[in-house]
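What follows is a single structure, written as structure tokens, with notes after it.
These figures come from a predicted structure and were not determined experimentally.
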Amino acid sequence: MIKYLLFDLDGTITDSADGITNSVSYALGNLGISEEKSNLYRFVGPPLVDSFKEFYGFDEKKAEEGVRLYREYYAVKGIFENKVYPGITHLLKKCREQGKKVILATSKPQIYAKQILEHFELAEYFDDIQGSSMDGSKIHKEDVIQSALSDNQITDMQEVLMIGDRKHDVLGSGKFGISCVGVLYGYGSREELETCGAKWIVDTVEGLEAFLERI
């Protein structure tokens, strides 16, 4: 029986593409790189430092500067260029009413994640909010999930379900033997989710709600 639900944030609870892509564009522009916005959606989900390295060949120092510039824009404006997917508030409320323990597990810095959930009046539906650290010591999804498991004293992985839209959610939870349901209304494709081993895939928020009622 599933008792704990680990929710990703970007692409699962909120449609955050505008804030993220605008922040990346700002960072790249300050580093002398002009990029089409359509090429920046790949930044939604993965740790920023990894994306700057993978997509632009940055070394560690330059990637960290990219992150610094990103946050310069994001902390002031990008964080609120964001909206909650229709139906998510109802879904979260229903999960709590059913007695599930609802935990946020995002690669986004925890300080930003808390601000976002509070801004959209969603924080009350979460038992715990887990995110990455600003100092770079905890940035990958598996690190965040490890903290969620430890802080909530979760020992039976059969009681846990990860919900997310990208391969990082599937692979990160898989390292602990946690099953993942992938959502297609976010930023990952069906091919991406199937290739990395998502146990289930749903198309919509309504489909996710129906699925969670059955587990």
Side-chain angles (χ1 to χ4, degrees), residues 6-79 81-82 104-116 129-148 162 164-176 178 180 182-183 186-198:
L6 305 184
F7 279 88
D8 176 43
L9 180 58
D10 298 325
T12 302
I13 291 174
T14 65
D15 181 354
S16 55
D18 282 347
I20 292 174
T21 55
N22 289 341
S23 300
V24 174
S25 181
Y26 173 85
L28 292 175
N30 278 276
L31 292 170
I33 299 173
S34 177
E35 182 66 276
E36 293 290 331
K37 187 172 182 177
S38 60
N39 291 328
L40 301 180
Y41 290 97
R42 56 191 177 178
F43 276 84
V44 182
L48 284 170
V49 69
D50 290 352
S51 293
F52 280 121
K53 289 178 181 178
E54 179 181 353
F55 304 139
Y56 295 96
F58 289 3
D59 59 20
E60 186 71 28
K61 184 177 181 180
K62 193 169 183 179
E64 289 177 357
E65 176 64 4
V67 172
R68 186 192 69 77
L69 288 165
Y70 173 99
R71 289 174 177 167
E72 192 172 90
Y73 179 97
Y74 188 83
V76 176
K77 191 173 181 180
I79 188 172
E81 293 175 326
N82 198 357
L104 189 77
T106 175
S107 295
K108 185 182 293 298
Q110 187 168 328
I111 187 172
Y112 294 153
K114 287 182 177 179
Q115 284 181 261
I116 290 167
I129 299 171
Q130 295 282 345
S132 64
S133 60
M134 294 289 277
D135 64 5
S137 61
K138 181 174 68 172
I139 61 172
H140 295 108
K141 184 55 65 91
E142 56 262 34
D143 301 324
V144 175
I145 293 173
Q146 176 67 73
S147 290
M162 180 76 212
D165 68 314
R166 297 299 307 275
K167 65 181 181 181
H168 311 85
D169 302 303
V170 184
L171 297 174
S173 57
K175 288 183 180 293
F176 302 93
I178 297 171
C180 180
V183 300
Y187 303 105
S189 66
R190 179 176 294 276
E191 180 182 10
E192 175 183 335
L193 293 170
E194 288 179 343
T195 299
C196 62

Nearest non-hydrogen partners of [X] and [Y], listed with the distance:
X    : Y    : answer
S132 : S107 : OG-O, 2.7 Å
G19  : Y74  : O-CD1, 4.0 Å
Y73  : S23  : CD2-OG, 3.1 Å
M134 : R71  : O-NH1, 3.2 Å
D165 : L193 : O-CD2, 3.7 Å
C180 : G164 : SG-N, 4.3 Å

Y187 versus D15, side-chain donor and acceptor atoms under 3.5 Å: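 There is such a pair (donor and acceptor under 3.5 Å, judged by atom type) between the side chains of D15 and Y187.
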Test side-chain contact (heavy atoms from CB on, under 4.5 Å) applied to E65 and L31, step by step: CA-CA 9 Å; E65 176 64 4; L31 292 170; 4.0 Å; yes
Drop me the distance from [X]'s [atom1] to [Y]'s [atom2], to the nearest 0.5 angstrom.
X    : Y    : atom1 : atom2 : result
L6   : T106 : CG    : OG1   : 12.0 Å
L171 : R166 : CG    : CZ    : 11.0 Å
H168 : K141 : NE2   : NZ    : 9.0 Å
N39  : T21  : CG    : OG1   : 11.5 Å
L28  : L69  : CG    : CG    : 9.0 Å
S25  : E36  : OG    : CD    : 9.5 Å

[Y] side chain reached by [X] side chain, heavy atoms, under 4.5 Å:
X    : Y    : answer
V44  : S16  : yes
E60  : V49  : yes
I145 : Q130 : no
K167 : T195 : no
E142 : F176 : yes

Evaluation steps, side-chain contact (heavy atoms from CB on, under 4.5 Å), between F43 and F52: CA-CA 9 Å; F43 276 84; F52 280 121; 3.9 Å; yes
Under 4.0 Å between a Lys/Arg side-chain N and an Asp/Glu carboxylate O for [X] and [Y]?
X    : Y   : answer
R68  : E72 : yes
K37  : D18 : yes
K108 : D10 : yes

Other residues, nucleotides, ligands: >12 heavy atoms within 6.0 Å of [X] [atom1]:
X    : atom1 : value
K138 : NZ    : yes
I33  : CD1   : yes
K114 : NZ    : no

L104 and Q110: CA distance, side-chain angles, deciding distance, side-chain contact (heavy atoms from CB on, under 4.5 Å) verdict: CA-CA 10 Å; L104 189 77; Q110 187 168 328; over 6 Å; no
Backbone of L9 reached by a side-chain donor or acceptor of T12 within 3.5 Å: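 No.
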K77/N22 under side-chain contact (heavy atoms from CB on, under 4.5 Å): CA gap, chis, key distance, verdict: CA-CA 9 Å; K77 191 173 181 180; N22 289 341; over 6 Å; no
Parallel, tilted or perpendicular, as decided by the 30° and 60° cut-offs, for the rings of F58 and Y56: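 Y56 vs F58 ring planes: tilted.
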